[in-house]
Amino acid sequence: MATDQPQKLFKAQTLKGFRDYMPELMAPRQAMIRLIEATFERHGFQPLQTPALEYLETLAGKYGEEGDKLLYRFQDHGERHVALRYDLTVPLARVVAEHRNEIQLPFRRYQVAPVWRADKPQRGRFREFFQCDADIVGVNSAIADAETLITGLSVLQTLGIDGAVLHLNHRDVLFGLIAAAGVTEKAQQIACIRAIDKLDKIPAAAVQTEIETAGIDAETAERVVGQFLHGAMTIESVADRLSAASVDTAGLDRLREVLALVRAAGLSERIRFDPTIARGLDYYTGIIYETRLTDPRVKGIGAVMSGGRYDGLIGLFTKEAIPAVGISLGLDRLLAAMQELELVSKDSHAVQVYVTVFSEAQAVTAIQLAGLLRQAGLRAELDLAGGKLGKQLERASKRGARLAVMVGPDEATAGTAVLKDLRDGAQQTVSQADLASTAGALLAV
RNA sequence: GUGGGUGUAGCUCAGCUGGUAGAGCGCGGGAUUGUGAUUCCCGAUGUCAUGGGUUCAAGCCCCAUCACUCACCCCA
């Protein structure tokens with residue numbers, strides 16, 4: 001590489017929609033991930049990790065037309081058609097089918113991992129992002145549904161997020177209401193759902209217009225919208241209309257049960273029936289839900305936790321019919337919200353004690369003192385850049401350390417060390433043997 | 001996939017109707033003895049995203065490419 005000619009530099013740049021997680025971002029992220037995983041485990045979920053790459057066949061056709069387009073797909077060196085995982089749910093279905101005889105049902109697993117979507121990047125939207133999923137496989141019951149929701153809500157609670165409301169719906173209720181309004185053709189029903197999903201964003205009249213563009217007459221369109229307008233949203237009201245149109249109400253009954261169970265868990269404030277919730281992914285069969293944050297500061301951030309029941313998905317990989325229900329949290333969206341709400345503590349990873357190295361003669365002592373602090377469980381950093389004591393203390397503050405340790409020739413001979421609190425400048429001389437305990441006591445205040 | 005916007009020092013940006021670049025922050029050094037974050041002084045840094053074009057002359061005009069960004073679609 002030695003040459004007089006200027007070298008052409010390689011472009012130091014991440015791919016569009018991909019990003020580096022620098023330490024300032026990584027520290028709170030990691031703290032979050034730990035809390036989320038601990039909460040999942042407290043609810044009986046086991047960790048699972050799956051490959052980033054799957055056979056294209058495994059993933060294709062599971063997410064609907066839109067989702068299919070967003071699959072990162074290519075051929076590997078062996079000409080195999082492969083794709084990067086689009087979510088954590090379909091790989092789970094594959095795992096259950098592939099390892100059917102090693103897995104005890106019901107199976108609860110969680111996974112925190114990146115997924116990839118060849119979407120057009122936007123604010124808070126990337127081509128690589130992390131999801132945190134928890135799923136219960138093998139049981140189709142209201143209890144399993146409720147357990148999943150309770151777990152998700154518990155995660156939000158653990159993270160300190162108070163203003164979260166889970167909007168719960170059921171696929172059959174959604175389709176039932178549309179059918180009751182007189183739309184029976186599948187494609188038109190889908191169009192209705194897509195439009196209804198926007199009711200909280202655009203006026204009802206605009207939604208109706210959008211429904212009409214799907215080839216539905218104005219009168220029917222108005223009836224469809226009417227099914228979802230405010231006041232038409234209580235369970236009882238929906239029940240009446242479904243029965244009147246002699247549409248099956250099993251989905252509604254399930255919703256009642258799930259709501260009752262979640263309420264019994266003391267989470268009434270956190271959950272609400274909302275017939276307008278529609279999820280895009282094709283594989284949902286039962287309950288579906290989205291969770292929104294109510295704080296106006298994070299109004300535009302979208303759903304932070306969503307999911308639903310998918311009883312048919314695993315059946316695509318094995319003849320045995322295995323039901324499942326799950327929840328998915330968007331890690332970075334949640335983090336963005338938490339930062340906005342000032343719920344992120346900045347010092348979870350920061351160095352606690354910065355050990356200066358007065359001069360080479362004191363290096364041994366400095367290393368030993370750092371060792372004592374570390375053994376005591378403190379995060380201690382040893383100065384490596386040297387220079388004047390002032391410089392070293394400057395670095396200490398910049399690193400965010402609360403305390404600094406200084407040992408000069410005088411302290412070295414006396415077997416002591418100076419412990420300084422960088423927040424108020426107060427300092428004391430302590431014996432080296434007491435350093436760690438004194439530092440620990442100061443940090444605990 | 002469709003339609004807007006932006007791209008100037010490490011960061012945030014200024015740069016009037018075209019005449020070969022500035023600020024703040026940050027960074028480096030200093031303000032006598034072994035003490036930071038505050039204060040004061042000094043200093044460095046840019047192929048003005050990239051490649052073409054118009055012009056006597058372009059950061060400023062035109063075209064293309066790339067990147068970022070906003071809205072729609074969809075979603076975490």
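- B/rU12 and B/rG26: their P atoms are spaced 15 Å apart (whole Å).
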Below 3.5 Å is the cut-off: list the nitrogen or oxygen pairs between protein and nucleotides 31-34 of chain B, distance only.
unit_1 : atom_1 : unit_2 : atom_2 : d
B/rG34 : O6     : A/D410 : OD2    : 2.4
B/rG34 : N1     : A/E411 : OE1    : 3.0
B/rG34 : N1     : A/E411 : OE2    : 3.2
B/rG34 : N2     : A/E411 : OE2    : 3.4

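- Remark: A/R379 is not positioned above the aromatic ring of A/Y354, lacking an NZ or CZ atom under 6.0 angstrom from the ring centre and at most 45 degrees off the axis.
- Shortest non-hydrogen contact noted between A/L378 and A/A436 is CD1-O, 4.0 Å.
- Exactly one of A/D311, A/D172, A/D145 qualifies for a salt bridge (Lys or Arg N to Asp or Glu O under 4.0 Å) with A/R254. That residue is A/D145.
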Protein-nucleic acid N or O pairs under 3.5 Å, nucleotides 2-5 of chain B:
unit_1 : atom_1 : unit_2 : atom_2 : d
B/rU2  : O4     : A/K120 : NZ     : 2.8
B/rG3  : O6     : A/K120 : NZ     : 3.1

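- The distance between atom OH of A/Y86 and atom C1' of B/rA76, rounded to the nearest whole Å, is 10 Å.
- For B/rG7, the paired nucleotide is B/rC66, the pair qualifying as Watson-Crick or G-U wobble because both relevant distances are below 3.5 Å.
- The nearest whole Å value for the distance from the CG atom in A/L70 to the P atom in B/rG1 is 11 Å.
- Taking side-chain N and O atoms only, A/K398 has no distance below 4.0 Å to OP1 or OP2 of B/rG36.
- Between the C1' atom of B/rU69 and the CZ atom of A/R127 lies a distance of 14 Å, rounded to the nearest Å.
- Side-chain atoms of A/K420 lie closest to B/rU35 of the nucleotides B/rU35, B/rA76, B/rG29.
- Across B/rG28 and B/rA71, the matching P atoms stand 38 Å from one another, rounded to whole Å.
- For the pair A/L334 and A/F130, the minimum side-chain heavy-atom distance is 4.5 Å or more.
- Distance, A/D383 CG to B/rG36 P: 15 Å, rounded to whole Å.
- Residue A/F18 contributes atom CZ, which lies 11 Å from atom P of B/rC68 at whole-angstrom precision.
- Distance CG (A/L422) to C1' (B/rU38): 14 Å, rounded to an integer number of Å.
- Between A/Y86 and A/Y63, the two ring planes are tilted [angle within 30° to 60°].
- In this structure, B/rC40 and B/rG30 make a Watson-Crick or G-U wobble pair, each of the two defining distances being under 3.5 angstrom.
- When the P atom of B/rU35 is taken as reference, atom CG of A/D421 falls 19 Å away, rounded to whole Å.
- The base-pairing partner of B/rA21, taking Watson-Crick or G-U wobble contacts with both distances under 3.5 Å, does not exist among the strands shown.
- Comparing the same atom, P, in B/rA37 and in B/rC25 gives a spacing of 15 Å after rounding to whole Å.
- Across all their heavy atoms, A/G61 and A/D68 have their closest contact at N-OD1, 2.7 Å.
- Under 3.5 Å, the side chains of A/T50 and A/Q111 contain a donor-acceptor pair of N or O atoms.
- Figure legend. B/rA57 is base-paired to no nucleotide; pairs are counted as Watson-Crick or G-U wobble with both atom distances under 3.5 Å.
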